[in-house]
Each structure stands twice: as C-alpha cells, then as structure tokens.
A.B. asks: 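Sharing a structure with you now.
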Amino acid sequence: MSEKSKSGATGPNPLASTLAIFAVVGIASIAITQGWIEFDEDPIQLTLTAPEKVILPARGDVPLTYTVNLKNNTEEPVVLEAANPCRIHRWFVADAGGNFVQGEPEETCAQVVMNADLTPSSFVEDSNEIMLDAARYTAGEQYQLMVRFWGYDKVHVFEAE
C-alpha cells in the first residue's frame with residue numbers, strides 16, 4: 001500500500017473547488033451589476049453604436065444609421081462647446097489604412113458658438129442616418145466610421161458586403 005493511502009490524505013475535493021469558484025464569480029457579478037465595484041471609466045465617455053456589416057447595393061446609396069452617446073462620469077458639470085451648429089456632430093469614413101473614402105456633404109452653417117451643459121452622471125444622445133455611396137466601397141473590405149460629437153471622437157469598424 002502506498003504512503004498516501006495509509007495516511008488517508010486525498011487531493012482537494014473537485015466538487016468543493018467548483019462550488020467555491022461559482023460562488024466567487026456569482027458574488028463578483030452581483031457586485032458589478034449593483035455598482036458596488038466600479039471600474040475606471042473615462043471621465044467623459046463617448047459610445048458609438050452602428051452595424052458591423054453594411055450590404056452594398058449594385059449602385060446608388062445605402063443608409064447607415066448610428067447612435068452616439070456622450071456621458072459625464074464625473075461629479076462636476078461639463079461645458080460642451082462647438083464653433084458652430086455644424087461642428088456638434090461630424091463624421092467621415094476611411095478605409096482600413098486610414099485613407100479618406102467619404103465625408104459629410106458641405107453645408108451652410110450659422111457662425112454661432114454652441115454651448116451645452118452636461119450635468120454629472122447624465123448623457124446626451126443623438127442618432128444619425130448617413131447615405132454611403134456604394135460606388136466608393138468594395139465588398140469584403142473593412143472601413144472605419146469616424147465620428148466627432150461635441151469634440152469627442154470615436155471610431156467604429158464595419159465591413160462592406
């Protein structure tokens with residue numbers, strides 16, 4: 001008989017180890033969802049939601065709708081400023097190498113400085129539908145939608161099909 005068998009020592013109980021892991025993961029999940037644990041967030045956070053794929057027509061334009069959300073994660077109000085109303089929300093598309101593909105059309109804009117207050121823990125959201133010129137895009141290639149909203153930038157990668 002081996003020395004291990006004589007002493008009665010066995011390895012860790014696999015069931016107990018598994019239950020302990022589930023308990024730790026469960027408690028951590030509850031703590032995160034309840035906000036008891038906070039991760040470092042950007043003081044001002046811009047999120048950009050858009051489709052991962054865009055289906056190109058044989059010719060013409062294809063709509064691409066996206067939403068931006070700017071959130072103040074600080075405990076102080078933030079003043080947002082843009083040189084004019086046309087500078088609040090800007091976009092353009094570049095290829096995977098960063099080369100310009102398409103941008104927003106020129107528009108006449110009043111030369112009035114725009115200001116807004118973003119109070120603590122609040123957000124401002126905007127949705128936009130842009131028309132992509134299918135002739136400028138190649139199926140199977142990736143593109144970058146680059147958006148600036150109240151001076152904060154975000155990039156979203158999508159694929160043309």
Side-chain angles (χ1 to χ4, degrees), residues 21-22 24-161:
I21 290 170
F22 279 125
V24 169
V25 170
I27 291 169
S29 297
I30 291 169
I32 291 169
T33 58
Q34 294 297 318
W36 300 333
I37 297 175
E38 292 184 15
F39 296 103
D40 288 337
E41 292 181 299
D42 292 334
I44 307 300
Q45 181 180 23
L46 180 63
T47 56
L48 170 58
T49 307
E52 300 292 323
K53 295 182 186 264
V54 174
I55 298 173
L56 300 172
R59 69 182 96 136
D61 294 337
V62 59
L64 172 70
T65 301
Y66 68 89
T67 302
V68 287
N69 180 301
L70 186 64
K71 183 177 180 198
N72 180 357
N73 292 319
T74 70
E75 295 183 16
E76 300 292 326
V78 172
V79 176
L80 304 173
E81 185 174 289
N84 60 54
C86 298
R87 297 268 181 204
I88 292 173
H89 194 156
R90 313 241 339 138
W91 66 269
F92 74 92
V93 177
D95 64 16
N99 301 306
F100 178 85
V101 175
Q102 184 178 352
E104 53 191 307
E106 289 289 324
E107 50 185 325
T108 304
C109 200
Q111 296 303 305
V112 177
V113 175
M114 302 298 294
N115 291 300
D117 289 327
L118 191 57
T119 58
S121 301
S122 67
F123 66 90
V124 60
E125 188 171 272
D126 193 19
S127 292
N128 195 16
E129 180 178 83
I130 59 178
M131 300 306 289
L132 301 179
D133 178 4
R136 297 177 184 226
Y137 300 86
T138 304
E141 296 291 322
Q142 289 194 334
Y143 296 91
Q144 303 173 72
L145 171 61
M146 300 185 177
V147 175
R148 174 169 282 184
F149 185 58
W150 283 108
Y152 295 87
D153 299 322
K154 197 67 171 184
V155 176
H156 175 78
V157 177
F158 68 93
E159 184 176 338
E161 286 191 341

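Residue numbers count from 1 along this sequence.
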A.B. asks: Quick one: list whatever passes salt bridge (Lys or Arg N to Asp or Glu O under 4.0 Å) with Glu161, sequence neighbours left out.
C.D. replies: Lys53
A.B. asks: State, without any angle test, whether Thr67 and Thr49 hold a side-chain donor-acceptor pair at a distance under 3.5 Å.
C.D. replies: no
A.B. asks: For the side chain of Asp133 and the backbone of Ala135, is there at least one donor-acceptor N/O pair under 3.5 Å apart?
C.D. replies: yes
A.B. asks: Between Asn73 (side chain only) and Ile44 (backbone N and O only), is there a donor and an acceptor less than 3.5 Å apart?
C.D. replies: no
A.B. asks: Are Leu132 and Asp61 side-chain neighbours, meaning at least one heavy-atom pair lies under 4.5 Å?
C.D. replies: no
A.B. asks: Please check if the side chain of Glu104 supplies one atom and the backbone of Trp91 the other of a donor-acceptor pair under 3.5 Å.
C.D. replies: yes
A.B. asks: Does atom CD (Glu129) have a neighbourhood of more than 12 heavy atoms from anything else shown, all under 6.0 Å?
C.D. replies: yes
A.B. asks: Is there a side-chain contact (heavy atoms from CB on, under 4.5 Å) between Gln102 and Tyr143 once you walk through the steps?
C.D. replies: CA-CA 10 Å; Gln102 184 178 352; Tyr143 296 91; over 6 Å; no
A.B. asks: Whether the side chain of His156 engages the backbone of Pro51 through a donor-acceptor N/O pair (distance < 3.5 Å, no angle test) should be reported.
C.D. replies: yes
A.B. asks: Looking at Arg136 and Phe100, what are the two nearest heavy atoms and their distance?
C.D. replies: NH1-CE2, 4.5 Å
A.B. asks: Check whether any side-chain heavy atom of Leu80 lies under 4.5 Å from a side-chain heavy atom of Phe149, and answer yes or no.
C.D. replies: no
A.B. asks: Taking the side chain as every heavy atom from C-beta outward, state whether Asn84 and Cys109 have any pair of such atoms under 4.5 Å apart.
C.D. replies: yes
A.B. asks: Quick one: does Val54's side chain get under 4.5 Å of Tyr137's, heavy atoms only?
C.D. replies: no
A.B. asks: Just checking Arg87: does its CZ atom have more than 12 heavy atoms from other residues, nucleotides or ligands closer to it than 6.0 angstrom?
C.D. replies: no
A.B. asks: Report yes if the side chains of Ile55 and Val62 come closer than 4.5 Å at any heavy-atom pair, otherwise no.
C.D. replies: no
A.B. asks: Taking C-beta and beyond as the side chain, do Ile130 and Leu145 meet within less than 4.5 Å on heavy atoms?
C.D. replies: yes
A.B. asks: Do the side chains of His89 and Asn128 get nearer than 4.5 Å, heavy atoms only?
C.D. replies: yes
A.B. asks: Compare every heavy atom of Leu118 with every heavy atom of Asn72, then report the nearest pair and how far apart it is.
C.D. replies: ND2-O, 2.8 Å
A.B. asks: Can you find a pair of side-chain heavy atoms, one from Val68 and one from Leu46, that are under 4.5 Å apart?
C.D. replies: yes
A.B. asks: Determine, step by step, whether Asp95 and Glu141 satisfy the side-chain contact (heavy atoms from CB on, under 4.5 Å) criterion, reporting the C-alpha distance in whole Å, the side-chain angles of both residues, the deciding distance to 0.1 Å, and the verdict.
C.D. replies: CA-CA 8 Å; Asp95 64 16; Glu141 296 291 322; over 6 Å; no
A.B. asks: Rounded to the nearest 0.5 Å, how far apart are CD1 of Ile88 and CZ of Arg148?
C.D. replies: 13.5 Å
